[in-house]
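Predicted model only: the values in this text are computed from it and were never measured.
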Amino acid sequence: MEEMLFYDRMQFAFTITFHYLFPQLTMGLSLIVVYFKWKFLKTNDPHYNKATHFWMRIFALNFAMGVVTGIPMEFQFGTNWAKFSELTGGIIGQTLAMEGMFSFFLESSFLGMFLFGEKILGHRWHFVTGLLICLGSWASGFLIIATHSWMQHPVGYEILANGKFVLNNFAALFTNEWLWPSYLHNQAASMVTSSFVVAGIGAFYILLNKNVSYGKLFLKTGVIFGLISSIIVAMPTGDLLAKNVVKYQPVTFAAMEGIFHTEKKGAEIVLIGQPDVKDKKLDNKIAVPNVLSFLTYGNWDTEVKGLDQFAVDKHPTNISGLYYAYHIMVGLGTLFIGVMLLAAFHLFKERLFKTKWLLWAFMFLMPFPYIANTTGWYTAELGRQPWLVYDLLRTADGASPTVSSGNTLFTLMGFVGLYVLLGMLFAILVGKIIYHGPEPVKK
C-alpha cells in the first residue's frame with residue numbers, strides 16, 4: 001500500500017508540476033497583453049500593437065501546452081484517486097466542472113478571435129476579446145484554487161452515512177476564508193513570473209542590440225508590473241495566507257518554520273538552517289530572535305506552538321521537504337522584491353537600459369520565478385499531508401485500491417518521456433519566436 005501510494009503521489013506531482021509551468025505564465029501574461037493593447041488604443045503607437053501580437057503568440061503556445069498537460073490530471077482523478085473522487089466528487093466536481101465549462105471555454109473561444117480576427121473585429125473589439133481571454137484565464141485560476149482551498153479548509157459540507165461529502169452551502173465555497181488570500185497570492189505570483197520573462201527578454205534584446213526599441217518597452221513594462229506584483233506576493237497576500245495556516249493548520253506552520261519545540265517567550269525567525277527530524281532540531285541555523293512572533297501575532301513575546309504540541313500522526317509526512325520548499329519560496333520572493341526595487345530606481349534615474357550587469361541579472365533570473373511558484377505549491381501540498389481533505393480524509397484513504405504500483409510507475413515513465421519531448425518542442429518554438437522578435441514598425 002505504501003509503495004502504491006508513493007507512485008500515485010509521484011505521478012500526480014510530476015504531471016502537475018510540469019503542467020503548472022504554463023498557466024503561471026499565461027495568467028500573468030494575459031494581463032500584460034491587454035495592457036499593451038490598451039496602450040495602443042490610447043497612444044496609437046504601433047509598437048504597442050506589435051508587442052501585443054508578439055506576446056500573444058507566446059501566450060498561445062503556453063495555452064496549448066497547458067491544455068495538453070492538464071487533461072491527463074483530470075483522468076488521474078478517476079484512475080489513481082478514484083476513492084477520493086467517489087467521496088468528494090459532489091463538492092470538487094462542481095468547481096472543476098465550472099472551470100471547464102465557463103473559464104476554459106471562454107478563454108479558448110476568444111483566443112482564436114484574438115489571434116486571427118483583428119482586421120475583422122477592429123482594434124476596440126480586438127481589445128475586448130483580449131480582455132475576455134484575461135478574464136477567462138483568471139477565472140480558471142479562481143475556480144481551481146476554490147477547489148484547492150476547500151481541500152485545505154473544508155467548509156459548507158456534510159458527510160453522509162456512506163462517507164460521501166455533499167455540499168449544503170454552495171456560497172461557502174466562494175466565501176471560504178482560505179480562498180481569497182490563496183487566489184490573490186497565486187495570481188500575484190503568476191504576475192511575477194510573467195514580469196521577469198517580459199523583462200528578461202527585453203534585456204536580451206538590449207544586450208544583443210536587436211529590436212532595441214521593443215527591448216526597452218519590455219524591460220520597462222516588466223519592471224513596473226514586477227515591482228507591484230512582487231510586493232503584493234509578500235504583503236498583504238502572503239501575510240494573510242500565513243495567518244490562515246497559523247489559525248487552521250498550526251502543525252503545518254510549525255513544520256514550515258522548523259519549530260520542533262514550543263517557543264513560549266517569542267519565536268525566532270530562521271534565515272538558514274537544516275532540519276534534523278530524527279533529533280528534532282535545526283542544524284547550523286542563523287536566526288533573528290522573536291521576529292516570527294511579531295510577524296505572526298504582532299507581539300514580540302507571543303508563544304508559537306511547536307511540533308511537540310501535536311500528535312505525531314498529524315505531523316506533515318515530509319517535514320524536511322516542506323521546510324525547504326517554504327524557505328526557498330520566501331527567499332526567492334525576497335530576492336525578487338530587492339531586484340525590482342533596484343531596477344525601478346535605475347529606471348527612474350534613466351540609466352536602467354545602460355546598466356549591463358542588471359540586464360544580465362534579469363536574463364539569469366528568468367527561470368527563478370518558476371522555481372518560486374513551484375515551491376510555493378509544494379509548500380501548500382506538503383503542508384496538507386497526510387490529508388487529502390484536511391483533518392477529514394487521509395491521502396491513503398483516497399487512492400484507488402485496484403491500481404497497482406507497477407501500473408502507476410509504468411505510466412509515470414511514459415509521462416516523463418512524453419513531457420520531455422513536449423518540453424523540447426515547446427522550447428524550440430518559443431526560441432524561434434523570441435529570436436525572430438516582434439514585427440518591425442513600418443515608417
Side-chain angles (χ1 to χ4, degrees), residues 24-25 28-55 58 184-185 187-239 271 329-373 434-435 437-441 443:
Q24 68 173 284
L25 181 66
L29 192 56
S30 64
L31 185 60
I32 293 177
V33 167
V34 169
Y35 165 77
F36 281 140
K37 191 66 184 184
W38 172 77
K39 286 291 288 184
F40 169 71
L41 291 174
K42 186 177 180 182
T43 65
N44 207 33
D45 183 345
H47 284 92
Y48 287 110
N49 205 37
K50 299 297 184 183
T52 302
H53 297 163
F54 172 77
W55 285 108
I58 293 177
L184 296 175
H185 185 69
Q187 299 308 101
S190 174
M191 283 303 311
V192 171
T193 297
S194 305
S195 299
F196 269 94
V197 169
V198 171
I201 292 175
F204 170 72
Y205 286 145
I206 295 172
L207 288 168
L208 200 63
N209 199 29
K210 176 184 177 181
N211 302 315
V212 175
S213 60
Y214 287 108
K216 291 180 178 179
L217 173 60
F218 295 164
L219 182 57
K220 179 181 178 180
T221 303
V223 168
I224 294 171
F225 275 88
L227 177 62
I228 295 169
S229 57
S230 60
I231 291 173
I232 292 174
V233 166
M235 291 291 293
T237 64
D239 180 62
L271 305 178
M329 176 192 69
V330 171
L332 287 176
T334 305
L335 173 65
F336 299 155
I337 293 173
V339 170
M340 285 300 181
L341 281 171
L342 186 61
F345 175 76
H346 279 75
L347 180 64
F348 177 75
K349 292 292 185 179
E350 298 183 347
R351 58 182 185 228
L352 175 61
F353 306 136
K354 298 178 182 179
T355 309
K356 285 193 174 182
W357 68 267
L358 200 48
L359 299 178
W360 279 106
F362 271 110
M363 286 185 59
F364 174 76
L365 285 170
M366 271 197 289
F368 285 85
Y370 288 94
I371 297 172
N373 271 273
I434 293 171
Y435 181 77
E439 295 177 17
V441 174
K443 296 182 180 179

Exercise for the section: Output the distance between atom CG (L41) and atom CG (N49), rounded to the nearest 0.5 Å. Expected result: 8.0 Å
Handout entry: 4.5 Å side-chain heavy-atom contact, I32 and F218
Key = no
Exercise for the section: Please report the shortest heavy-atom distance between F336 and A372, naming the atom on each side. Expected result: CE1-CB, 3.8 Å
Handout entry: For S194 against Q24, the heavy-atom pair lying closest together
Key = OG-O, 3.9 Å
Handout entry: Minimum-distance pair of heavy atoms, taken over all atoms of S190 and G28
Key = OG-N, 3.0 Å
Exercise for the section: Give, for atom CD1 of I206 and atom NZ of K356, the distance between the pair rounded to the nearest 0.5 Å. Expected result: 11.5 Å
Completion exercise
Correct closest heavy-atom pair for L227 and A344 would be CD2-CB, 3.8 Å
Problem - Min side-chain heavy-atom separation F362-L207 under 4.5 Å - result: no
Practice task
For the pair T52 (side chain) and K37 (backbone), establish whether a donor and an acceptor sit closer than 3.5 Å, ignoring hydrogens and angles.
Solution key: yes
Practice task
I would like to know whether F36 and L217 meet side chain to side chain contact (heavy atoms under 4.5 Å, CB included); could you show each step before the answer?
Solution key: CA-CA 10 Å; F36 281 140; L217 173 60; 3.9 Å; yes
Handout entry: Min side-chain heavy-atom separation D45-K39 under 4.5 Å
Key = no
Fill in the blank from the handout: Rounded to the nearest 0.5 angstrom, the CE-OG distance for M366 and S195 is 13.0 Å
Problem - Close side-chain approach of L184 and I232, heavy atoms under 4.5 Å - result: no
Handout entry: Gap between atom CG of N211 and atom NE2 of H47 - 0.5 Å precision
Key = 9.5 Å
Practice task
Kindly say whether V192 contributes a backbone atom to a donor-acceptor pair with the side chain of S230 at under 3.5 angstrom?
Solution key: no
Completion exercise
CG (L332) and CD1 (I371) are apart, to the nearest 0.5 Å, by 6.5 Å
Problem - Closest non-hydrogen atom pair, G222 against V198 - result: N-CG1, 4.2 Å
Handout entry: Heavy-atom side-chain proximity of I58 to V197 below 4.5 angstrom
Key = no
Problem - 4.5 Å side-chain heavy-atom contact, W55 and I201 - result: yes
Problem - For the student: nearest non-hydrogen atoms of V223 and L347, plus distance - result: CG1-CD2, 4.4 Å
Exercise for the section: Indicate, with yes or no, if the rings of F225 and Y35 have centres closer together than 6.0 Å. Expected result: yes
Handout entry: Evaluation steps, side chain to side chain contact (heavy atoms under 4.5 Å, CB included), between K50 and F40
Key = CA-CA 9 Å; K50 299 297 184 183; F40 169 71; over 6 Å; no
Handout entry: Backbone N/O of Y435 and side chain of K210: donor-acceptor pair under 3.5 Å
Key = yes
Exercise for the section: Could you tell me the separation between the OH atom of Y214 and the OG1 atom of T221, rounded to the nearest 0.5 Å? Expected result: 12.5 Å
Problem - Side chain proximity check, L342 to H346, heavy atoms < 4.5 angstrom - result: yes
Exercise for the section: Please confirm whether the backbone N or O of I434 pairs with a side-chain atom of Y205, one donor and one acceptor, at under 3.5 Å? Expected result: yes
Handout entry: Side-chain heavy atoms of Y370 within contact of L25, under 4.5 Å
Key = yes
